[in-house]
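I have placed the structure first, in the form of C-alpha coordinates, so that the comments after it can refer back to it.
Values below: all heavy atoms of this structure, side chains included; hydrogens, waters and symmetry mates excluded.
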Amino acid sequence: MSRGRREHVPSRPTWRCRACGIAWPCSAAKLRLLAAYREARPALLMHLATLWVEAEAERPARDGGAAARYRRFVGWASGRGGR
(Lines give C-alpha, C1' and ligand atoms only; values in the text may rest on other atoms or scores of the structure.)
Protein backbone atom coordinates (compact mmCIF):
# COMPACT_ATOMS: atom_id res chain seq x y z
CA MET A 1 0.00 0.00 0.00
CA SER A 2 1.45 3.35 -0.96
CA ARG A 3 1.71 6.13 1.54
CA GLY A 4 -1.47 8.14 1.99
CA ARG A 5 -3.64 5.72 0.00
CA ARG A 6 -6.14 3.48 1.64
CA GLU A 7 -6.85 -0.06 0.62
CA HIS A 8 -10.32 -1.05 -0.49
CA VAL A 9 -11.04 -3.32 2.47
CA PRO A 10 -14.15 -3.59 4.64
CA SER A 11 -14.57 -1.46 7.71
CA ARG A 12 -16.26 -3.39 10.46
CA PRO A 13 -18.96 -3.42 11.69
CA THR A 14 -20.45 -1.27 8.90
CA TRP A 15 -19.01 -3.38 6.06
CA ARG A 16 -18.37 -0.30 3.96
CA CYS A 17 -15.14 0.25 2.05
CA ARG A 18 -12.46 2.05 4.08
CA ALA A 19 -11.18 3.84 0.98
CA CYS A 20 -14.29 4.97 -0.87
CA GLY A 21 -17.07 4.51 1.70
CA ILE A 22 -19.47 2.50 -0.43
CA ALA A 23 -20.85 -0.92 0.38
CA TRP A 24 -18.06 -3.48 0.36
CA PRO A 25 -16.95 -5.09 -1.86
CA CYS A 26 -16.66 -1.99 -4.02
CA SER A 27 -15.54 -2.22 -7.65
CA ALA A 28 -11.88 -1.73 -6.73
CA ALA A 29 -12.08 -4.48 -4.11
CA LYS A 30 -13.72 -6.85 -6.59
CA LEU A 31 -10.94 -6.26 -9.12
CA ARG A 32 -8.28 -6.82 -6.47
CA LEU A 33 -9.94 -10.02 -5.27
CA LEU A 34 -10.36 -11.37 -8.80
CA ALA A 35 -6.67 -10.75 -9.47
CA ALA A 36 -5.57 -12.31 -6.19
CA TYR A 37 -7.68 -15.43 -6.74
CA ARG A 38 -7.24 -15.60 -10.53
CA GLU A 39 -6.41 -19.29 -10.52
CA ALA A 40 -8.53 -20.24 -7.51
CA ARG A 41 -12.18 -19.22 -7.97
CA PRO A 42 -13.46 -21.82 -5.44
CA ALA A 43 -11.11 -20.37 -2.81
CA LEU A 44 -12.38 -16.86 -3.60
CA LEU A 45 -15.97 -18.01 -3.15
CA MET A 46 -15.11 -19.66 0.17
CA HIS A 47 -13.33 -16.49 1.34
CA LEU A 48 -16.28 -14.30 0.38
CA ALA A 49 -18.80 -16.67 1.94
CA THR A 50 -16.81 -16.62 5.18
CA LEU A 51 -16.87 -12.82 5.19
CA TRP A 52 -20.62 -12.89 4.50
CA VAL A 53 -21.17 -15.14 7.54
CA GLU A 54 -19.05 -12.78 9.67
CA ALA A 55 -21.00 -9.76 8.41
CA GLU A 56 -24.30 -11.43 9.23
CA ALA A 57 -23.08 -12.30 12.72
CA GLU A 58 -21.78 -8.78 13.39
CA ARG A 59 -24.61 -6.85 11.82
CA PRO A 60 -27.63 -8.77 10.58
CA ALA A 61 -28.89 -7.37 7.29
CA ARG A 62 -32.01 -5.25 7.58
CA ASP A 63 -32.38 -3.73 4.13
CA GLY A 64 -32.97 -6.52 1.64
CA GLY A 65 -32.16 -9.25 4.13
CA ALA A 66 -29.49 -11.92 4.18
CA ALA A 67 -30.14 -12.96 0.56
CA ALA A 68 -29.37 -9.48 -0.75
CA ARG A 69 -26.20 -9.30 1.30
CA TYR A 70 -25.19 -12.75 0.07
CA ARG A 71 -25.53 -11.52 -3.53
CA ARG A 72 -23.47 -8.46 -2.58
CA PHE A 73 -20.69 -10.48 -0.98
CA VAL A 74 -20.64 -13.70 -3.01
CA GLY A 75 -23.00 -13.53 -5.97
CA TRP A 76 -20.85 -11.21 -8.09
CA ALA A 77 -17.97 -13.72 -8.00
CA SER A 78 -20.12 -16.74 -8.83
CA GLY A 79 -20.25 -15.92 -12.52
CA ARG A 80 -23.32 -15.23 -14.61
CA GLY A 81 -25.58 -17.41 -12.46
CA GLY A 82 -24.88 -15.41 -9.30
CA ARG A 83 -25.59 -11.93 -10.60
Side-chain angles (χ1 to χ4, degrees):
M1 179 167 80
S2 57
R3 190 174 209 154
R5 293 182 63 188
R6 299 179 108 184
E7 287 190 52
H8 292 268
V9 295
S11 175
R12 294 178 182 194
T14 64
W15 292 91
R16 300 189 75 73
C17 177
R18 287 183 190 264
C20 60
I22 65 172
W24 191 91
C26 62
S27 295
K30 290 175 183 178
L31 290 173
R32 182 183 57 81
L33 287 163
L34 286 171
Y37 288 90
R38 182 179 301 118
E39 302 297 325
R41 183 62 61 101
L44 171 60
L45 295 171
M46 289 177 56
H47 173 66
L48 293 170
T50 299
L51 292 175
W52 171 70
V53 168
E54 291 175 13
E56 285 300 310
E58 290 178 10
R59 186 178 179 139
R62 292 180 196 97
D63 54 341
R69 188 179 278 173
Y70 181 85
R71 286 189 301 274
R72 175 180 138 195
F73 274 68
V74 183
W76 68 270
S78 297
R80 288 187 172 272
R83 290 182 185 167

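Take Trp15 and apply the side-chain hydrogen bond (donor to acceptor under 3.5 Å, both in side chains) test, not counting sequence neighbours, and it matches Glu58. By the side-chain contact (heavy atoms from CB on, under 4.5 Å) test, Ala23 is found to be paired with Arg16, Arg72, residues two or more places apart in sequence or in another chain being considered.
A donor-acceptor pair under 3.5 Å is absent between the side-chain atoms of Arg12 and the main chain of Glu54, judged by distance alone.
Val9 and Leu48 are members of different hydrophobic clusters when ILVMFWY side chains are connected at heavy-atom separations under 4.5 Å.
Nearest heavy atoms, Ala66 versus Glu56: CB-OE1, 3.8 Å. Annotation for Ala55 and Arg69: closest pair O-NH1, 3.1 Å, computed over non-hydrogen atoms. Between Cys17 and Trp24, the shortest heavy-atom distance links the atoms N-CB, 4.0 Å. When all heavy atoms are compared, the tightest approach of Arg59 to Pro13 is CD-O, 3.2 Å.
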Only pairs under 3.5 Å count here: list side-chain donor-acceptor contacts from residues 25-46, not counting sequence neighbours, and write none if there are none.
| unit_1 | atom_1 | unit_2 | atom_2 | d |
| --- | --- | --- | --- | --- |
| Arg41 | NH1 | Ala77 | O | 2.8 |

